[in-house]
Amino acid sequence: MSSSTQNSSALDVQPKDAKRALAEDAYDDCLSCRVTGSAAFIGLGVYSYYSGMKNLKMQEKAIMQSATKYKMGSRQLGIFTISATLVGMGLWRAFN
């Protein structure tokens, strides 16, 4: 058998074989990886909210006196959005 015949037969992969190979190779996450990942995201979200609001409260006077159009409400919304996104990612990681 020539080398060109061997190469072409090795490259002849049927679509059903590829689908079966992908199904067998499905990635399954271990429980400890899920718990660690979700706890990290949720913890980061809670920490972001707590520290962000605390720092915002400490800087409130300077923020209100500044000429910026982004006052307390929009900054609080930003902190809440980032924190909620991180917590949501943690919940998604736990259940998907």
Chemist: Which side-chain N or O atoms in residues 51-65 pair as donor and acceptor under 3.5 Å with protein atoms at least two apart or in another chain?
Modeler:
from: S51; atom 1: OG; to: Y47; atom 2: O; distance (Å): 2.9
from: N55; atom 1: ND2; to: S51; atom 2: O; distance (Å): 3.2

Chemist: Nearest 0.5 Å, please: how far is CZ in F80 from OG1 in T85?
Modeler: 9.0 Å

Chemist: When hydrophobic residues are tied together by side-chain contacts of less than 4.5 Å, even through go-betweens, does Y49 share a cluster with I42?
Modeler: no

Chemist: Taking distance alone, no hydrogens or angles, what donor-acceptor pairs closer than 3.5 Å link side-chain atoms of residues 87-96 to residues at least two apart or in another chain?
Modeler:
from: R93; atom 1: NH1; to: D29; atom 2: OD2; distance (Å): 2.6
from: R93; atom 1: NH2; to: D29; atom 2: OD2; distance (Å): 2.6

Chemist: Would you check if K69 and S74 make a side-chain contact, meaning some heavy-atom pair closer than 4.5 Å?
Modeler: no

Chemist: Using side-chain heavy atoms (C-beta onward) and a distance below 4.5 Å, is S48 in contact with L86?
Modeler: yes

Chemist: Cluster partners of L31, using ILVMFWY side-chain heavy atoms under 4.5 angstrom, listed by chain and number?
Modeler: V35

